[in-house]
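Working notes for the structure below.
FYI, the numbering just counts along the sequence from 1.
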Amino acid sequence: MKIYHNPRCSKSRKTLTLIEEHNCEIEIIKYLDQPLTIAEIYDLLKKLDMEAKDIIRRGEAIYKEHYKGKILSNNEWIEAMIKYPKLIERPIVILGDKAVLGRPPENVLKLLNQ
């Protein structure tokens, strides 16, 4: 299991705690310290079964300053996430070929109960 984690985010911390309570092996990826590649974002989107715009944090100042009101392609949103990793919704948890957003943290139970 992998978690794309931001330790400063309460939802991310709660999701990680839920995983740890289930005694799962977990790889923690601090995506703000280790920015994702284009290939990694495409892989996440495939596993989430979502488009790039679906995992954009619209409350972030970066979004409001640079992207609010704009219509971007999937590739343009991915480029924005690479440039500004804070735009990526968090946490994202992967198990095998499936992934979920940890919003709310209980979403991770869908993976744990497979």
Side-chain angles (χ1 to χ4, degrees):
M1 190 170 262
K2 289 183 185 180
I3 183 171
Y4 289 87
H5 179 61
N6 178 350
R8 297 187 68 190
C9 171
S10 64
K11 299 286 187 211
S12 198
R13 290 191 309 270
K14 286 178 184 176
T15 301
L16 180 58
T17 298
L18 265 174
I19 295 167
E20 291 170 341
E21 287 172 353
H22 282 81
N23 298 315
C24 293
E25 268 190 48
I26 183 85
E27 177 184 353
I28 300 170
I29 300 164
K30 295 180 182 176
Y31 70 96
L32 295 178
D33 297 336
Q34 299 170 246
L36 302 175
T37 66
I38 290 173
E40 288 171 321
I41 292 174
Y42 272 112
D43 186 56
L44 280 177
L45 292 171
K46 182 179 177 186
K47 290 175 180 177
L48 286 164
D49 193 26
M50 294 181 170
E51 293 185 24
K53 67 180 180 176
D54 299 329
I55 64 167
I56 296 293
R57 293 179 55 83
R58 287 170 171 72
E60 290 292 331
I62 293 166
Y63 173 83
K64 293 174 184 174
E65 292 168 19
H66 299 283
Y67 301 103
K68 187 175 181 177
K70 294 184 180 180
I71 298 173
L72 277 65
S73 70
N74 211 44
N75 289 340
E76 289 170 324
W77 279 122
I78 290 169
E79 289 172 16
M81 286 186 268
I82 288 171
K83 187 173 183 178
Y84 303 109
K86 275 189 164 187
L87 287 174
I88 301 171
E89 189 61 84
R90 60 186 181 250
I92 298 173
V93 180
I94 298 174
L95 180 61
D97 63 351
K98 300 285 184 206
V100 295
L101 285 175
R103 289 189 167 270
E106 292 76 21
N107 278 351
V108 77
L109 297 175
K110 294 174 190 172
L111 292 177
L112 295 171
N113 294 327
Q114 284 188 17

Quiz prompt | Derivation of the side chain to side chain contact (heavy atoms under 4.5 Å, CB included) call for Glu79 and Ile82 | solution = CA-CA 5 Å; Glu79 289 172 16; Ile82 288 171; 5.7 Å; no
Practice problem: Go through the steps for Arg103 and Cys9 under the test side chain to side chain contact (heavy atoms under 4.5 Å, CB included), then give the verdict. | Solution: CA-CA 11 Å; Arg103 289 189 167 270; Cys9 171; 3.6 Å; yes
Quiz item: Would Arg58 and Lys53 count as a side chain to side chain contact (heavy atoms under 4.5 Å, CB included) if you check the C-alpha gap in whole Å, the side-chain angles of each, and the deciding distance to 0.1 Å?
Solution: CA-CA 10 Å; Arg58 287 170 171 72; Lys53 67 180 180 176; 3.9 Å; yes
Quiz prompt | Verdict with supporting geometry, Ile62 and Lys83, side chain to side chain contact (heavy atoms under 4.5 Å, CB included) | solution = CA-CA 10 Å; Ile62 293 166; Lys83 187 173 183 178; over 6 Å; no
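In this structure, the separation between CD1 on Ile92 and CG on Asn107 is 12.0 Å, given to the nearest 0.5 Å. Here the straight-line distance linking atom CD1 of Ile41 with atom CG of Leu48 works out to 11.5 Å at 0.5 Å rounding. In this structure, CD in Glu51 is found 10.0 Å from CD1 in Ile78, a value given to the nearest 0.5 Å. Distance CZ/Arg90 to CG/Leu32: 7.0 Å, rounded to 0.5 Å. With values rounded to the nearest 0.5 angstrom, Glu40 atom CD is found 8.5 Å from Gln34 atom CD. Asp43 contributes atom CG, which lies 9.0 Å from atom OG1 of Thr37 (distance to the nearest 0.5 angstrom).
Applying the side chain to side chain donor-acceptor pair (under 3.5 Å) test to every pair with at least one member in residues 13-25, sequence neighbours left out, gives no pairs at all. Listed by first and then second residue, the side chain to side chain donor-acceptor pair (under 3.5 Å) pairs that reach into residues 59-70 are Arg57-Glu60, sequence neighbours excluded.
Between Trp77 and Ile56, the shortest heavy-atom contact is CE3-CD1, 3.6 Å. In plain terms, the two heavy atoms of Ala52 and Asn74 that are nearest each other are N-OD1, 2.8 Å.
Inter-residue side-chain proximity for Pro85 and Tyr31 is flagged as met; some heavy-atom pair is nearer than 4.5 Å. Side-chain contact between Arg8 and Asn6 is present, with at least one heavy-atom pair separated by less than 4.5 Å. Side-chain contact between His5 and Ile29 is absent, with no heavy-atom pair separated by less than 4.5 Å. Side-chain contact between Leu44 and Ile55: absent, with no pair of heavy atoms (C-beta onward) separated by less than 4.5 Å. Between Glu27 and Ile94 the shortest side-chain heavy-atom distance does not fall below 4.5 Å. Using a 4.5 Å heavy-atom cutoff, the side chains of Pro104 and Lys11 are not in contact.
Residue Ile3 belongs to a hydrophobic cluster whose other members are Met1, Leu16, Leu18, Ile19, Ile26, Ile28, Val93, Leu95, Val100, Val108, Leu109, Leu111, Leu112, with links defined by side-chain heavy atoms closer than 4.5 Å.
One N or O on the side chain of Glu76 and one on the backbone of Ser73 form a donor-acceptor pair closer than 3.5 Å.
Atom CG of Asn113 has more than 12 neighbouring heavy atoms from other residues, nucleotides or ligands inside a 6.0 Å radius.
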